[in-house]
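Written out below as structure tokens is the structure these notes cover.
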Amino acid sequence: MRGILRIYKDPEVLALHVADQLMELIAQSHGEKFNMAISGGSTPNLLFSTLAKKYADSVLWEKTHFWWVDERMVPARDPESNFGTAQKLLFSLIEIPEDNIHIIHGEENPQQESENYARQIQEELPVNEGWPLFDLILLGMGEDGHTASIFPDHIELMQSTQVCEVAHHPLTNQARISLTGIVLNNATRVWFLVTGAEKAGRLAEINSGSEKSSLYPASCINPVHGELSWFLDKQAARLLL
Ligand code: 6PG
């Protein structure tokens, strides 16, 4: 597996370390803004609640700008909403300016909202070699090896010339907006957070570098200039050790 492997006893210990390392990173960042994109799904929830518990009053939220790696095209009140979950577990519990939260409006027309979100990113983020530059992107990995909302059946989104695109979940056909591969690989840092025994097989396949593993979008994450880290719990890493 490319990048730095960091393995922790369990999801709680992992979340605590990631929270501490994230705040350290923001504290050390020189820019006026720290632009980070977060993924959805269940894995980040422990990180959100750990950040809210330990760093609710941090002044660092003043400079931290949250973007989304992807969003399900549902209203914010829908339990499927990545923004809605982060709002409940984190933003509603910390001192962060509303303008620092750059949501994807899940209730809008997907194509129009994708263009709107891409425009916002291009207006507000610094650029590196023609592409928006995130200071940090937090990714998860599905059991099928997807990351963001780039699924194996549309792995071409890893090479899209758009900043973000409309995608669909292969089983539910749920519409999503997702950052695309070139943006993900342009970040200064990419941190995968992967926990649970059910991810171990896919991680081992990706680690093997087999021909088949290149079919998984998560295996195509390889920051061009940046640093890649995998934060795993022991269960997810059990076939790597
Ligand atoms: C999403 C995520 C997606 C997620 C993986 C892992 O919106 O669902 O961005 O890429 O990271 O599906 O999900 P879990 O953390 O729930 O396993």
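Since the model is a prediction, treat every value here as computed from it, not as a measurement. Counting starts at 1 for both ligands and their atoms, in listed order. In what follows, every heavy atom counts, from backbone to side chain, and hydrogens, waters and symmetry copies are set aside.
- Within a 6.0 Å radius of CD in Glu123, more than 12 heavy atoms belonging to other residues, nucleotides or ligands are found.
- Taking a 4.0 Å cut-off on heavy atoms, Val69 fails to register as neighbouring ligand 1.
- Each of the following atoms of ligand 1 lies closer than 4.0 Å to a heavy atom of Ser42: 14 (P), 15 (O), 16 (O).
- For the 3.5 Å distance criterion, the side chains of Glu165 and Ser160 qualify, holding a donor opposite an acceptor.
- Here the heavy atom of the protein found nearest to atom 10 (O) of ligand 1 is Ala148 O, 2.6 Å.
- Among all non-hydrogen protein atoms, the one lying nearest atom 6 (C) of ligand 1 is Met141 O, 3.6 Å.
- At the top of the distance list for atom 17 (O) of ligand 1, counting protein heavy atoms only, stands Lys199 NZ, 2.7 Å.
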Exercise answer: donor-acceptor pairs, residues 30-47 side-chain atoms, under 3.5 Å, sequence neighbours excluded:
unit_1: Asn35; atom_1: OD1; unit_2: Trp67; atom_2: NE1; d: 3.0
unit_1: Ser39; atom_1: OG; unit_2: Leu138; atom_2: O; d: 2.8

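- Side chain of Trp230 to backbone of Arg2: a donor-acceptor contact under 3.5 angstrom is found.
- Polar contact with ligand 1: present for Asn82 (N/O pair, distance under 3.5 Å).
- Of the N and O atoms on the side chains of Asp70 and Ser149, at least one donor lies less than 3.5 Å from an acceptor on the other residue.
- Not close to ligand 1: Glu71, with no non-hydrogen atom less than 4.0 angstrom away.
- Taking atom 15 (O) of ligand 1 as the reference point, the nearest protein heavy-atom neighbour is Thr43 OG1, 2.5 Å.
- In the vicinity of Arg176, heavy-atom distances shorter than 4.0 Å reach the ligand 1 atoms 1 (C), 7 (O), 8 (O).
- The protein heavy-atom contact nearest to atom 12 (O) of ligand 1 is His146 NE2, 2.7 Å.
- When the options Glu80, His168, His169 are evaluated for a side chain to side chain donor-acceptor pair (under 3.5 Å) with Gln174, the one that passes is Glu80.
- Arg72 NH2, 2.8 Å is the protein heavy atom nearest to atom 8 (O) of ligand 1.
- If you check which protein heavy atom lies closest to atom 11 (O) of ligand 1, you get Gly140 CA, 3.3 Å.
- The existence of a salt bridge linking Glu71 and Arg176 is excluded, since no basic side-chain nitrogen approaches an acidic carboxylate oxygen closer than 4.0 Å.
- Among protein heavy atoms, atom 4 (C) of ligand 1 sits closest to Gly40 O, 3.9 Å.
- The closest approach between any non-hydrogen atom of Glu143 and ligand 1 is not below 4.0 Å.
- Between Lys54 and Asp20, at least one side-chain N (NZ, or NE/NH1/NH2) sits under 4.0 Å from a carboxylate O, which counts as a salt bridge.
- Every side chain to side chain contact (heavy atoms under 4.5 Å, CB included) that Gln21 has, sequence neighbours left out, goes to Arg6, Tyr8, His17, Trp191, Phe231.
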